Protein chains: 2
Amino acid sequence: MKKDGAKGELQKNKILNAARELFATKGFEATTTREINRQTDSAEGLLYYYFPHGKREILDTIIYEGIQSRTNAIDFKFHSVSSVADIEQQLLNAFDQIWQIFSQQENYYSFMITIRERALLSNKQAKWLQDLIKEVRQLLIDFLTPATEKLGLQQDNIPQLVDIILSLFQSSIYDELLINNNQELNNQISHTVQSQLHLIVTSILVEK
Amino acid sequence: MKKDGAKGELQKNKILNAARELFATKGFEATTTREINRQTDSAEGLLYYYFPHGKREILDTIIYEGIQSRTNAIDFKFHSVSSVADIEQQLLNAFDQIWQIFSQQENYYSFMITIRERALLSNKQAKWLQDLIKEVRQLLIDFLTPATEKLGLQQDNIPQLVDIILSLFQSSIYDELLINNNQELNNQISHTVQSQLHLIVTSILVEK
DNA sequence: GTCTATAATTAGATAGAC
DNA sequence: GTCTATCTAATTATAGAC
């Protein structure tokens, strides 16, 4: 009868947490199992008790749990649209939620690992990553589509508008995390995206 | 009198080319010097004749040459603006140039390495990366600024518009290279960016 | 400039006591 | 479930012949 004892789960998480930080900051290959053991104050053999397949199994677990965590955190709670200003506000809230997700250290780490070790991912793992982005995209499309008539926009243009908005979101985060290597998301950037979104929404959407 | 003999340069480039491909596809740490030697059909010791400081020196050279190459390739040749349609066309040409740069395998490899091994970069190397993006941004600002009056746009809004346009460019490339892990840039994506740019430019800019 | 051979170190992983 | 001790293989790097 396999039951996750509290003690075992604790140690397993200690290993995962240490590995997540090390993989994110130094990279998967550059991190040694010895370093993980040192950081968890545990002996050489113990790691293989919890992860019989070694380092790669730890990576896989981090990738999986990271996607799970980020997916579960997405919960936009859109309500039906009234005005252009209302649309803008709801899109801002959505961006804020994404921003909050990446501001959490565990999510930040697992995202960085997923991108950085992208070449190591199995097809299945890569699909998780792509599906998460697709899901966000679809949620935004479903949110905007009912309002098409009011907004002087062709139904066909909605995906296009959504892609533009997503580009703003993505670029701001990628720039900050991948190019500037900042672990802490800067509020200034969030404001920049807000004003970009304002310009886009008020220019493209026209209340009728 | 140190003079780069043709033979020496050849071998040095063979090493750099092999390492560039391996670092980009497997990662820096995961690539062994043995593998580089095998791929260049040369013996164990030779690598250290050309790169006395070993693997890290090879990485630094690739990073440096990559930034140089991508920087030199940026040459937008904007001419002064007449109409909104003209602006759109010139921006499209700029995007096309960026697209072409990333379509070249060497540039693609060095870019992937630079992003993937971002955490290993020195401050100086990181600054090169940031400055390249800033330079592109500034070129676009300088291109659009003279046309401000004609376009019903505040001078202050130009950087904002440029950032939006750059987000479209960046996202399309990052998505393709980092998320989807495609080595070949897909023309479909280029068309998507074109139509996004069209929507943005025609919505935000108004001829007077 | 290029080679062979090898030193020195460190990596991931395992065996087996407690 | 956690520990110590250690194996095996691979890694970077060097010495020195040609």
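Every value quoted in this text rests on a predicted model; they were computed, and no experiment measured them. Numbered from 1 within each chain, the chains take letters A, B, ... in sequence-line order.
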- prompt: Taking atom C1' of C:dC3 as reference, at what distance in whole Å does atom CD1 of B:I15 sit?
  reply: 14 Å

- request: Taking the side chain as every heavy atom from C-beta outward, state whether B:N157 and B:L161 have any atom pair closer than 4.5 Å.
  value: no

query: How far does the helix from C:dG1-D:dC18 to C:dC18-D:dG1 bend, going by the axes of its first and last five pairs, to the nearest 10°?
result: 0°

field: Partners meeting salt bridge (Lys or Arg N to Asp or Glu O under 4.0 Å) with A:D60 (sequence neighbours left out)
entry: A:R56

- prompt: Roughly, in whole Å, what's the span from CD in B:E57 to P in D:dT12?
  reply: 15 Å

- request: Could you tell me whether B:K12 sits above the aromatic face of B:F51, with NZ or CZ closer than 6.0 angstrom to the six-membered ring centre and within 45 degrees of the axis?
  value: yes

- prompt: Quick one: is A:Y49 getting a side-chain N or O under 4.0 Å of the D:dT2 phosphate, OP1 or OP2?
  reply: no

field: Parallel, tilted or perpendicular, as decided by the 30° and 60° cut-offs, for the rings of A:F169 and A:F95
entry: tilted

- prompt: Does A:Y49 have any ring-ring contact (aromatic ring centres under 6.0 Å, His included) partners at least two apart in sequence or in another chain, and if so, which?
  reply: none

- request: Can you run down the side chain to side chain donor-acceptor pair (under 3.5 Å) pairs that involve residues 21-31 of chain B, sequence neighbours left out, and say none if there aren't any?
  value: B:K26-B:E35

task: State which residues pass side chain to side chain donor-acceptor pair (under 3.5 Å) with A:R118; sequence neighbours excluded, sorted by chain then number.
output: none

task: May I have the distance from A:N13 (atom CG) to D:dG1 (atom P), rounded to whole angstrom?
output: 14 Å

- line: One should read off an interatomic distance between B:S195 OG and B:L168 CG, to the nearest 0.5 angstrom, of 9.5 Å

message: Tell me if a side-chain donor or acceptor on A:Q125 pairs with a main-chain N or O of A:S122 at a distance below 3.5 Å.
response: yes

message: What is the distance, to the nearest angstrom, from the OH atom on A:Y50 to the C1' atom on C:dA13?
response: 18 Å

Identify all pairs in which a protein N or O lies below 3.5 Å from an N or O of nucleotides 13-15 of chain D, and state each distance.
{"residue": "D:dA13", "atom": "OP2", "partner": "B:Y48", "partner atom": "OH", "Å": "3.0"}

Candidate nucleotides C:dT2, C:dC3, D:dC3, ranked by approach to the side chain of A:L46 - the nearest: D:dC3

- line: Atom CG of A:N37 and atom P of D:dT4 are separated, to the nearest Å, by 11 Å

task: Write down the distance between CD (B:E29) and P (C:dG12), rounded to a whole number of angstrom.
output: 11 Å

- request: Name the nucleic acid region contacted by A:T40, choosing base, sugar-phosphate or nothing; use a 4.0 angstrom heavy-atom cut-off, strictly under.
  value: nothing

message: Please report the distance, rounded to the nearest Å, between CG in B:L22 and P in D:dT12.
response: 12 Å

